[in-house]
**Student:** 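The structure under discussion is supplied below as structure tokens; questions concerning it will follow.
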There are 2 protein chains.
Amino acid sequence: MLGGTYPPGEPLSEIFLAQQFDVSRTPVREALKQLERESLIEIRPKVGTYVREPTKREIVELFQLKEGLEGMAAGLMARRGRTPSLEFLEKNVKASEAASVAHDSERYAQLVHEFHWALVNGSDNTKLVEHYRLLMNQLAFHRLVLKTVENPRRISASSGEHRLVLQMIQDKDHFGAEAAMRNHVYASARELLGGGRNS
Amino acid sequence: MLGGTYPPGEPLSEIFLAQQFDVSRTPVREALKQLERESLIEIRPKVGTYVREPTKREIVELFQLKEGLEGMAAGLMARRGRTPSLEFLEKNVKASEAASVAHDSERYAQLVHEFHWALVNGSDNTKLVEHYRLLMNQLAFHRLVLKTVENPRRISASSGEHRLVLQMIQDKDHFGAEAAMRNHVYASARELLGGGRNS
DNA sequence: CCGCTATTCCTTGCATACAAGAACACTACG
DNA sequence: CGTAGTGTTCTTGTATGCAAGGAATAGCGG
């Protein structure tokens with residue numbers, strides 16, 4: 001629904017959105033209620049509905065969760081042996097390394113996105129996938145995350161970390177895979193947030 | 001809302017619930033939509049609304065998630081030093097051990113519940129708490145979990161595991177705390193589900 | 001007696017009218 | 001000129017009527 005971008009803090013009246021999508025207020029209200037449960041908007045009763053601005057602390061918390069969930073996924077995937085997800089990951093890492101040496105940061109960003117999702121899906125745990133989707137919904141629409149890291153050094157390091165995670169999964173080292181993935185997510189978050197583990 | 005127990009598979013008509021709570025269908029519908037998002041019920045359009053029965057696989061997946069999230073929480077809490085949550089945990093473990101030797105399984109079950117929640121809250125990560133709450137909502141209403149384990153041997157072992165987790169947190173060993181908590185959750189789940197890591 | 005078909009009843013989905021409350025602007029008074 | 005009071009207008013919350021679709025059942029034909 002909110003495919004585009006509404007500025008944070010902007011009021012979203014139900015009647016306005018209803019006219020936008022040419023429906024009544026009822027389905028709009030249902031959608032807004034969902035978005036409120038996902039912490040994407042804030043509905044103040046009898047006052048108005050506003051696009052929510054995540055606090056810095058929340059961003060840090062979300063990245064901590066991301067680290068834990070993706071680490072879990074890596075560990076679970078490492079126990080599974082050869083799967084279509086693993087083959088996809090292998091091709092993805094190869095393509096990432098190619099994009100890295102070619103300095104094609106846009107393509108690399110896309111491949112990174114696919115890598116993380118393939119890994120989570122590869123965990124073969126639908127509940128984990130569902131929680132991860134919720135988590136990413138909160139992070140994805142934040143402009144902080146949208147600015148793709150274009151630092152060539154970071155891209156090269158990130159690519160190496162991806163390969164390390166892949167290697168651990170191939171070796172069925174679930175312990176190492178989880179650690180490697182956590183380290184990778186932590187490093188990426190640190191790059192985005194500017195260092196410092198706690199707020 | 002669903003404080004009580006509706007049998008799984010039972011149809012829940014909106015109009016019936018509306019009469020039950022003496023409100024119109026609109027707020028009932030909103031509540032049901034939320035419960036559907038939490039996978040507690042299933043709304044088949046133009047057909048009916050039914051209490052959802054989690055599959056065995058989903059139960060296993062949820063326990064895997066529980067293991068990961070509670071492990072995360074233990075690790076995060078171990079980094080925090082002395083907090084009110086830690087003091088609460090210390091008192092809780094003492095009380096648990098007392099209940100264990102007294103074979104008061106009912107009191108022990110209550111203390112276990114408080115232990116897990118105190119630990120998650122002690123992580124000081126509101127997003128983690130929120131995801132954990134969602135997770136437990138799916139598990140709590142399942143009768144499988146409600147049958148408190150009354151095996152004295154398991155109670156004794158569980159109590160010891162709680163103390164070990166507490167010890168690791170006191171020692172600020174976040175790595176050990178996470179491992180100990182994971183092991184505890186895994187052992188408890190195994191007791192409930194009857195062994196076997198995968199379905 | 002069995003199978004097919006049409007109809008009726010039930011459900012949820014949507015649109016709209018009304019109610020309640022909060023914020024804001026305007027006015028009157030100190 | 002400042003401030004308190006009041007009225008208007010906006011918002012969301014709720015109730016209700018209607019529409020659409022699926023399922024079960026009754027009726028009919030073989």
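Letters A, B, ... mirror the listed sequences (proteins, then strands); counts begin at 1.
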**Student:** What is the separation between atom CD on B/Glu30 and atom P on D/dT16, rounded to the nearest whole Å?
**Tutor:** 16 Å
**Student:** With nearest nucleotides of DNA chain C determined for A/Val23 and A/Pro45 from heavy-atom distances, which residue corresponds to the more 5′ nucleotide?
**Tutor:** A/Val23
**Student:** Could you check which of C/dG13, D/dG13, C/dA23 has an atom nearest any side-chain atom of A/Glu14?
**Tutor:** D/dG13
**Student:** Mapping A/Gly48 and A/Thr26 onto DNA chain D by nearest heavy atom, which one lands closer to the 5' end?
**Tutor:** A/Gly48
**Student:** Tell me whether the rings of B/His184 and B/His116 are parallel (<30°), tilted (30 to 60°) or perpendicular (>60°).
**Tutor:** tilted
**Student:** Any idea which of D/dA23, D/dG13, C/dG13 is nearest the B/Ile43 side chain?
**Tutor:** C/dG13
**Student:** So for B/Arg25 and C/dG13, does any side-chain atom that can act as donor or acceptor lie under 3.5 Å from a complementary atom in the base?
**Tutor:** yes
**Student:** Grab the CG-P distance between B/Leu32 and C/dT11 for me, whole Å please.
**Tutor:** 13 Å
**Student:** More than 12 heavy atoms of other residues, nucleotides or ligands under 6.0 Å from CZ of B/Arg107: yes or no?
**Tutor:** no
**Student:** Starting at atom OH of B/Tyr50, determine the distance to atom P of D/dG22, rounded to an integer number of angstrom.
**Tutor:** 13 Å
**Student:** Of the nucleotides C/dG13, C/dA23, D/dT14, which one has an atom closest to the side chain of B/Ser24?
**Tutor:** D/dT14
**Student:** Calculate the interatomic distance between A/Phe21 atom CZ and C/dG13 atom P; express it in whole Å.
**Tutor:** 20 Å
**Student:** Got more than 12 heavy atoms from elsewhere within 6.0 Å of CD, B/Glu106?
**Tutor:** no
**Student:** Find the distance between OH (B/Tyr132) and CG (A/Leu65) and round it off to the nearest 0.5 Å.
**Tutor:** 13.5 Å
**Student:** Roughly, in whole Å, what's the span from CG in A/Leu12 to C1' in D/dC10?
**Tutor:** 15 Å
**Student:** Whole Å only: how far is the NZ atom of A/Lys33 from the C1' atom of D/dG13?
**Tutor:** 9 Å
**Student:** Nearest whole angstrom, please: distance from the C1' of D/dA19 to the NZ of B/Lys46.
**Tutor:** 8 Å
**Student:** Examine D/dT12: is either OP1 or OP2 under 4.0 Å from a nitrogen or oxygen in the side chain of A/Arg29? Give yes or no.
**Tutor:** no
**Student:** For residues A/Thr49 and A/Glu14, is any side-chain donor paired with an opposing acceptor at under 3.5 Å?
**Tutor:** no
**Student:** Return the value, rounded to whole Å, for the distance between atom CD of A/Glu42 and atom C1' of D/dT11.
**Tutor:** 14 Å
